[in-house]
Amino acid sequence: MTVAQRHGRRIMMTPAELDSFLAEQRTCRVATVSADGRPHVSALWFAWDGRALWLYSLTRSRRWSEMRADPRIAVVVDDGEEYGELRGVELSGTVEFVGEAPRTGEPLPELEAPEQLFAAKNFGLDAMPHDGRHAWAKLAPDAIASWDFRKI
């Protein structure tokens, strides 16, 4: 169940605007928490399927280790240079790990759509190239907050 945005309703994105924004953006920032409680933020490419954010992460990264230890994360996707152009989305919740880690391309129906979206968006390809170093984490967000300062 997604928590409704309580503040900034005037500048929040509609569901269609949010879907369009997440479909066109390439890079997000993923916030994880280390074992000692320190936050860690790292940039990552993603795919949005209209319900979940699909993160394709190196399995030998600090981010992956921290998500495995504590799957609660927050993700920000934003855009804009000037104040009146700023827009973005914050999504938070608990990630679910999908498929083998690292991903070798074993057929898995749940990954067909996100891999096709990701390959087209980030590589301009019809099929996902697997390098044996990355794996999938799916964030079906518990909360989404958005802003679009162009509405001010």
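The figures that follow rest on heavy atoms only: side chains count, while hydrogens, waters and symmetry mates do not.
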Using a 3.5 Å distance criterion without hydrogens, assess whether the side chain of [X] forms a donor-acceptor pair with backbone atoms of [Y].
| X | Y | answer |
| --- | --- | --- |
| K151 | M12 | yes |
| E100 | G105 | yes |
| S61 | S57 | no |
| Q116 | D126 | no |
| S146 | M13 | yes |
| K121 | Q25 | yes |

Measure the shortest side-chain to side-chain distance between [X] and [Y] over non-hydrogen atoms and say whether it is less than 4.5 angstrom.
| X | Y | answer |
| --- | --- | --- |
| H130 | T104 | no |
| L58 | R60 | no |
| L108 | W136 | no |

*Apply the salt bridge (Lys or Arg N to Asp or Glu O under 4.0 Å) test between R87 and each candidate in E17, E82, E81, E24; give the one that qualifies.*
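With R87 as partner, E17, E82, E81, E24 yield a single salt bridge (Lys or Arg N to Asp or Glu O under 4.0 Å), made by E24.
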
*Scan side-chain atoms only and decide if S42 and R63 contain a donor-acceptor pair under the 3.5 Å cut-off.*
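On atom types as modelled, these side chains qualify, holding a pair under 3.5 Å.
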
*With the threshold set at 4.0 Å, does a side-chain nitrogen-carboxylate oxygen contact exist between R29 and D78?*
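Result for this pair is yes, salt bridge flagged.
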
*Over 60° means perpendicular and under 30° means parallel, so classify the ring planes of H134 and Y56, tilted if in between.*
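Y56 vs H134 ring planes: parallel.
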
*Between E90 and V77, is a side-chain contact (heavy atoms from CB on, under 4.5 Å) present by the stated rule, with each step listed?*
CA-CA 7 Å; E90 178 190 14; V77 180; over 6 Å; no

_Under the rule for ring pair (Phe, Tyr, Trp, His ring centres under 6.0 Å), what residues qualify as partners of W54, not counting sequence neighbours?_
none

*Please name the pair of heavy atoms, one in W147 and one in V76, separated by the smallest distance, quoted to 0.1 Å.*
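Shortest heavy-atom contact: CH2-CG1, 4.4 Å.
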
